[in-house]
Amino acid sequence: MTAAAKPEHTIELSINGTMRIVQTDVRSTLLDLLRERLGFTGTKKGCDHGLCGACTVAVNGHRVLSCLTLAVSIDGASVRTIEGIADDEELHPLQQAFIDHDGFQCGYCTSGQISSAHAVLSEHARGDLSAASFDGPYDDIARGPETLSVNEIRERMAGNICRCGAYPHIVDAIASCLPGCRR
């Protein structure tokens, strides 16, 4: 008895600035493609159900849960993993902030937390609003990308779970990257 042939498709992705052409099973998730096929093991498989955020990466500048994203669905996209946030050997200021503020404990969720926080900062700089954008004084919205409240950081990071409970340190790390963040 022979196994059924896997339906494969060729996709082209820019991963951390490098173009990759890859043959993949059409049922393969972006997470599995990154980890199993391409060796980007910084992106973690936590729950594999889109509930924990450990697999967060950016696709075309927007956060996605790579465990829920079919690789073929983002053919032609630009993907940034945790490995692509630093500038060669120099840490990104956000990565340094996580170290400085002890924004990790066991470290398992850290790559997803940093990837998500990196996207949060970009989203906020673009002017994207969150549910918490309307909780405070309405003049906060008009202040622009230099202001982000602690409640808004928490709201925007809500999809990332830290089982060790390092949330206050994570919020402090993100806040330190925004000069106008209110404490």
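Nothing fancy with the numbering, it's 1 onward along the sequence. Predicted, not measured: the structure shown is a model, and the values here were computed from it.
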Which atom of Asn16 lies closest to which atom of Arg80, heavy atoms considered: OD1-CA, 3.3 Å
Closest approach of His169 and Gly103, non-hydrogen atoms and distance? CB-CA, 3.7 Å
Please examine the side chains of Leu33 and Ile11, heavy atoms only from C-beta on, and report whether any two atoms are closer than 4.5 Å. yes
Nearest 0.5 Å, please: how far is CE in Met157 from CD1 in Ile174? 4.0 Å
Does the side chain of Ile85 reach to within under 4.5 Å of the side chain of Leu94, using non-hydrogen atoms? no
Are Ile82 and Gln95 side-chain neighbours, meaning at least one heavy-atom pair lies under 4.5 Å? yes
For Cys52 against Gly46, the heavy-atom pair lying closest together: SG-CA, 3.7 Å
Measure the CZ-OH distance between Arg154 and Tyr167 for me, rounded to the nearest 0.5 Å. 12.0 Å
If I take atom CG from residue Leu13 and atom CD1 from residue Ile74, how far apart are they, to the nearest 0.5 angstrom? 5.0 Å
Can you give me every donor-acceptor pair (side chain of residues 61-72, partner residue at least two apart or in another chain, under 3.5 Å) with its distance?
{"from": "His62", "atom 1": "ND1", "to": "Arg126", "atom 2": "NH2", "distance (Å)": "3.3"}
{"from": "Arg63", "atom 1": "NE", "to": "Glu123", "atom 2": "OE2", "distance (Å)": "3.2"}
{"from": "Arg63", "atom 1": "NH1", "to": "Ser116", "atom 2": "OG", "distance (Å)": "2.8"}
{"from": "Arg63", "atom 1": "NH1", "to": "Arg156", "atom 2": "O", "distance (Å)": "2.8"}
{"from": "Arg63", "atom 1": "NH2", "to": "Glu123", "atom 2": "OE1", "distance (Å)": "2.8"}
{"from": "Ser66", "atom 1": "OG", "to": "Cys55", "atom 2": "O", "distance (Å)": "2.7"}
{"from": "Thr69", "atom 1": "OG1", "to": "Leu65", "atom 2": "O", "distance (Å)": "2.9"}

Ignoring hydrogens, what is the shortest heavy-atom contact between Thr41 and Glu83? Give both atom names and the distance. N-OE2, 3.4 Å
How many angstroms lie between OG1 in Thr81 and CD1 in Ile15, if you round to the nearest 0.5 Å? 7.5 Å
Atom of Ala173, atom of Ser176 and distance for their closest heavy-atom approach: O-OG, 2.7 Å
Got more than 12 heavy atoms from elsewhere within 6.0 Å of CD, Glu90? no
Distance-only, no hydrogens or angles: does the Asp25 side chain make a donor-acceptor pair with backbone N or O of Glu8 under 3.5 Å? no
Of all pairs that satisfy ring pair (Phe, Tyr, Trp, His ring centres under 6.0 Å), the ones with a partner from residues 76-117, not counting sequence neighbours: His92-His118
Spatial distance of atom CZ (Arg163) from atom CD1 (Ile161) [nearest 0.5 Å]: 6.5 Å
Thr56 to Gly53 - nearest heavy-atom pair and separation: OG1-O, 2.7 Å
Can you name the residues that form a salt bridge (Lys or Arg N to Asp or Glu O under 4.0 Å) with Asp48, not counting sequence neighbours? Lys45
Under the 3.5 angstrom rule, does the side chain of Asn160 hit a backbone N or O of Gly112 as a donor-acceptor pair? yes
Within the side chain of Ser111, is there an N or O that forms a donor-acceptor pair under 3.5 Å with the backbone of Gly42? yes
Side-chain contact, heavy-atom cut-off 4.5 Å: Val120 with Ile153? no
Are His124 and Leu121 side-chain neighbours, meaning at least one heavy-atom pair lies under 4.5 Å? no
With a 4.5 Å cut-off on side-chain heavy-atom distances among I, L, V, M, F, W and Y, is there a chain of contacts connecting Ile114 to Val79? no
CZ of Arg20 to CD of Glu12, rounded to nearest 0.5 Å, is 12.5 Å
